[in-house]
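Both backbone and side-chain heavy atoms feed into the values below; hydrogens, waters and symmetry mates do not.
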Amino acid sequence: MSQAFRSSQGGRIDRSRPLRFRFDGREYTGYVGDTLASALLANGVRVTGRSFKYHRPRGLMAAGFEEANTLVQLESGARTQPNLRATQIELYDGLEARAVNCWPNARHDVFGFFQLLKPFWPAGFYYKTFMAPSWHLYEPAIRHGAGLGVSPKLADPDVYDKCHAQADVIVVGAGPSGLAAAIAAARDGASVVLVDDKPALGGSLQYEPGLVEGLPAADWLKAREDEIRSLPNIRVLGCTTAFGYYDHNHLLANELLPAGGTSPRQRLWKIRGRQIVLATGALERPLVFPNNDRPGVMLAGAALQYLHRHGVLPGRRVAIATNNDSAYAVAFELRKAGVEVVQIADSRGGQPAPLAQAQVLGIPVTMTCAPTDTRGRSGLQRVELHDVNGQGQAQPGTGRWLDADVLLVSGGWNPTVHLFSQSGGALRFDDQQQAFVPHRLAQAGHLVGAAAGQAERDIAVEAARVAGRDAAANRIVRELAPVASTAQAALWSVNVEAIGRGPSKSWVDFASDSTESDLRLSARENFVSVEHFKRYTTTGMMTDQGKTSNVNAIGILSGVLGKAPGEVGTTRFRPPFNPVTFGAIAGRNVGAYYRPLRQLAAQEAHDAAGAKMEDYGAWMRPAFYPQAGEQESATIHREVLAVRSGVGILDYSPLGKILVQGPDAAEFLTRVYVNNVRTLKVGACRYGLMLGEDGIVKDDGVLTRWSENSYLVGTTSGQADRIVEWMEEWLQCEWVDLDVTVESVTTQWAVVMLAGPKAREVLSRLDSGIDLAAAAFPHMSAREGRIGDVPVRVARVSFTGELGYEISVPWQYGLSLWNALLEAGKPLGIIPFGIESLMVMRTEKGFLHVGSDTDGLTLPQDVGFGAIIDKKPEDFIGRRTTMTPDGRRTDRRQLVGLAPVDGASLLPVGGHVVDAAFKAASGHTQGWVTSSFMSPTLGRPVALALVERGRERLGEQVQVFDGGKLLPAKIVSMTAYDPEGERLRM
Amino acid sequence: MNQNTLPASPGLRAISSLGTAPGATPQLIAQSAGLRVVEEPFLQLASLRLSRKADRAAALGALPFDLPATPNGWTGDAASSLARFEPNAWMLISVAPRALPESADAWVVTDLSSRLASVRLQGARAPAVLAAATSVSLPVSGFTRTLFAETVPVLLQRLADDDYRLLIDVSLAGYLSSWLADASRLTAPAK
């Protein structure tokens, strides 16, 4: 087919640059400047899609983002994109697309017989049918039949970018009003960002003829383009669709970028404006009548766009049905282009203004007339017309058929208020315009042009200039005054009952396949609230968000309910105004940038030692250091035994470190910790527990008092930042009388843990000036020293159960310290060990690991802090919960040790603790295993578990149930290794 | 800490988070037309927090330097500046070491020289590269805490029209460096 519907001249396409493309497996040609839609139309492709539910053949109905019928799957493989509107895809050479929701193609869809089932599948059918035995039995098949495009299965190879911008004034829409507002604001000195979804400025001036302020549209536009180029404070974002309007005038917009190279494919703009001017235009309403969805039925305004923007004729014999004047202008332009306009059917009575010109051009016009049916196998061939009365009711005995290959329809215009609605703006129904128009603004901005309901171009342009100046001056408008306009006559649907027909094929929402009969059914079943009927019928819930259907639906419902449309109301539009790819939303936060992982100071050394690095709380840390050919379990076994018998070294830098300082620091920490902080001596350390406001164990760590008013609070690695913010919240919101400062110093200090009976000997080889003798430097104390001139802090604490030191130096010395300790320990057989080995050792020792051994119900008394709480006189965060009847329950789950009775079976983490008589899975669980390892030190499994009344049941036999298996186990002390703690005090 | 004043230890050697040794040429992260992204290793950084109960006027007057009064502002120059990042908190950023008051009743002074890595973005394309990551449009002499690429907290200082300083937790310096190098490539003008 060779572009049989391409006009010989006109349009903003480049006829010297042909492009080849494929649609539904067939090859076509178009031109640079085409959209996929215009190229299909030029090639005479009538059936461009299938409807969502009933697989009815559909053709192009619009020319922009309101297109509801022609959704395509663009390209294939990793770059495929589903559900794009053909009207929004700029044609390029080699483009390949296929219609969605059909097989093998839109012309011949094997599911086309679904349309015969329509009487059985009305709106809400799945609420009443397919219920036995279960909806979920049928759901997959129904959803499969009703789906749209297919998500890509392969990783997207393209890059998506984001960009932030700010401006005094953002103008959305570069039509005549948007241009006037942007220029006026810029001339008054404001910085302006002008956003438009098209590559060229002008909006409707690109295709609507006529004068603007006395100049031909093209000349007026050229002058404005020149003016914009001369204003450096206007930034124009073309091919950029504003899709979200959020609080504080935060606008999101998506820019489509030229394909090719390594450049980003799309860019998501996050723009904040002091004021936002919406010049978003208006959307034409279709007419609702039986079989109004046949390919060849198109919005009149769309035909004008195809003609003047793309040089495409919508058909050979065009009929027009309208209830307003705008469609006449389309008829006149088509006539000028040589198209035969066989009839204008105007549902109104009287003598509309353009009637005389139509008569001059010889275009037949019939007043009080509307379409009532269409015919045509793969596209429109005939249109049935009836006379209608003032209520849109077809009159019996007045029907006649008309041959036409295209029916252009216009049911009036709706201001495009989606972004305005998203911003929180309120709409009102304007009886004069018979449309919902913007009323009260929720954010600083203006609406101009057709978006404000202003249809007269010159008036709109002048009003837009005023709005632009107001926006530049940051004048606030709360409410929009009604716009003077000519009275419009609504025609929400053509009523065919009087001629013995029903509205079951009068389509209201083309995208969701809902009809007037569905709306009436919804009302009969009392889903009359606008929110309810929307969901019952799914009107407005598809990817076009009801751009062509919502107002007609509300109009029809208002007629059924006997209410004014304004009383029925509208729903709030939600972002995105236009579909946005996940790629654009994710931007560059994918792959390595998806979740930034922190690096250790000694990363280089860990890599050199062959560490297996893993993500622990957003830190990349060594899990273990396997030797050649060594399995993980063997490595951990080796590392644990080396520490227990000699000395090991662990990178402990990620542990949270918070400096709490000030005269009230002790008081503050006394309120924060379960423990008593006041009694902590300078130079001493104490293990501490923090609770949330709900009394649940929140975090733990070692607290060190470095001076009278200075404490270093240790936290778990993953919680460090959150604990800082939490402390700040208490200080800034609750305890404003406390003189305390909080500073995170987690990464000020790199920390290396030395653990094992030879740890002191290794440390002594680095001359820090600290007396390391056990008496001078006992367990749970801290000292300051220097290695050379480098300050060093050493805390004698242990999470392994062995003699241990945590040595801190400024971060940039972390690598050097690590290497120095390894070198110093070489004669003593020092080895690096990882987090997994540490976890084994702390479990052998029975040390709590918050997050593993606690859950969202664990109180401090459950993990052995009951006596500490009872002794502490002061209040602390979460204390109240520890004293509630639930907190004092005697059957609470308590942390204890578990040992398998056979001495060999590893108890599964998460396995439920049940009594010895337990038989079936429905029985009562007494708790569960929280940590469990094979102990290299003891040669048998060790485990910790939260068990009901655990501490008073030591020695009792229970079972651990997991995956249908039962393992006998005995409740034992948490501390399996060195219960007297002698190794800590070496 | 300035590279000239880093503690010299017979046993321990400093190295920046991007691998620069004291005295060595700082890491060049990206350089192309209109853009230079370079590490600024071993700056002296310290927070100065005013005690809640201090006599504010007296405490400010007792300092050997003036602090910026404007929220999210800074004074000084690129070599040495004082920035206000919280109502009662300032940060010293200095290439050469400056004497600071000891923590006392009125002030809590904390050395953060090791905690934060610094990266400079310079050139006509610097604002565009930065705009891909941060939402803040700072005036010259602006200083603020914000999120980088919607994920990572940073401190951002605008030193001149086309000159920015980013301070980020030292453990994320590698991420920042890689991200900026990528952004530099993506935003490079077509040849």
Side-chain angles (χ1 to χ4, degrees), chain A residues 159 161-166 261-264 267 270 272 587-589 592-593 595-601 603-604 619 653-654 659 661-663 709-710 721 736-741 743-750 766-767 786-792 809-813 815-817 820, chain B residues 1 6-17 19 22 41-42 47 49-54 88-89 103 105 107-108 110-117 128 130-137 148-153 169-176 178-179 182-183 185-188 190:
Chain A
V159 177
D161 205 5
K162 291 188 184 176
C163 196
H164 299 78
Q166 299 78 27
T262 56
S263 303
R267 179 176 291 122
K270 305 173 91 170
R272 224 174 259 284
R588 289 176 53 213
N589 291 356
Y593 301 141
R595 181 170 178 258
L597 292 169
R598 294 171 180 268
Q599 281 196 326
L600 298 164
Q603 177 74 39
E604 179 188 315
W619 281 89
S653 302
L659 207 49
Q661 301 180 95
N709 293 333
S710 178
D721 291 340
V736 293
D737 57 320
L738 295 185
D739 192 1
V740 177
T741 65
E743 190 86 67
S744 171
V745 291
T746 298
T747 45
Q748 172 69 16
W749 299 92
L766 261 64
D767 182 15
R786 286 189 171 275
I787 300 175
D789 290 334
V790 179
V792 59
V809 291
W811 188 268
Q812 59 264 45
Y813 294 96
L815 173 63
S816 186
L817 174 68
Chain B
M1 263 176 278
L6 278 172
S9 164
L12 301 184
R13 287 182 299 111
I15 192 157
S16 81
S17 50
F42 309 118
S47 72
R49 294 178 181 274
L50 185 61
S51 164
R52 279 181 175 175
K53 292 177 181 168
N88 284 329
S103 287
D105 288 346
W107 293 99
V108 175
T110 309
D111 179 22
L112 298 175
S113 304
S114 303
R115 209 200 107 188
L116 297 169
L130 208 52
T134 68
S135 61
V136 179
S137 172
F148 185 87
E150 300 165 335
T151 48
V152 179
D169 190 284
V170 71
S171 64
L172 291 162
Y175 157 79
L176 178 74
S178 164
W179 199 102
D182 242 14
R185 183 178 51 80
L186 284 173
T187 58

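- Residue A/Q599 touches chain B through both its backbone and its side chain, counting heavy-atom pairs closer than 4.5 Å.
- Chosen from B/P153, B/S47, B/G174, B/A89, the residue pairing most often with chain A at heavy-atom distances under 4.5 Å is B/S47.
- When heavy atoms are compared at a cutoff of 4.5 Å, A/A820 approaches chain B solely by way of its side chain, counted from C-beta outward.
- Under 3.5 Å, the side chains of A/Y593 and B/S178 contain a donor-acceptor pair of N or O atoms.
- The side-chain heavy atoms of B/T151 and B/Y175, taken from C-beta on, include a pair separated by under 4.5 Å.
- Contacts of B/N88 with chain A are absent, with no heavy-atom separation under 4.5 Å from either backbone or side chain.
- Between the side chain of A/D739 and the backbone N or O of B/R52 there is at least one donor-acceptor pair closer than 3.5 Å.
- Not one N or O on the side chain of A/R588 forms a donor-acceptor pair closer than 3.5 Å with the backbone of B/A133.
- For the pair B/V170/B/S114, no side-chain contact is recorded, criterion being any heavy-atom separation below 4.5 Å from C-beta on.
- Most heavy-atom pairs under 4.5 Å with chain B, from the set A/D737, A/N709, A/D721, A/V736: that is A/V736.
- Interface remark: B/S137 contributes backbone and side-chain atoms alike to the contact with chain A (heavy atom separation under 4.5 Å).
- Taken from CG in A/N589 to CH2 in B/W179, the straight-line distance is 8.0 Å, to the nearest 0.5 Å.
- Residue A/K162 touches chain B through both its backbone and its side chain, counting heavy-atom pairs closer than 4.5 Å.
- When all heavy atoms are compared, the tightest approach of A/Q748 to B/R115 is OE1-N, 3.1 Å.
- Of the atoms belonging to A/W749, not a single heavy atom falls under 4.5 Å from chain B.
- Contacts of A/S710 with chain B are absent, with no heavy-atom separation under 4.5 Å from either backbone or side chain.
- By number of non-hydrogen pairs under 4.5 angstrom with chain B, the leading residue of A/V745, A/L815, A/L738, A/T746 is A/L738.
- For A/D767, no part sits under 4.5 Å from any heavy atom of chain B, backbone or side chain.
- Panel note: side chain A/H164, backbone B/A131; a donor-acceptor pair is recorded below 3.5 Å.
- Taking chain A as the reference chain and counting heavy-atom pairs below 4.5 Å, the highest number among B/A128, B/A54, B/G19, B/A183 is found for B/A183.
- Residue A/L600 does not touch chain B at all, counting heavy-atom pairs closer than 4.5 Å.
- Using modelled atom types, one side-chain atom of A/S816 and one backbone atom of B/R13 make a donor-acceptor pair closer than 3.5 Å.
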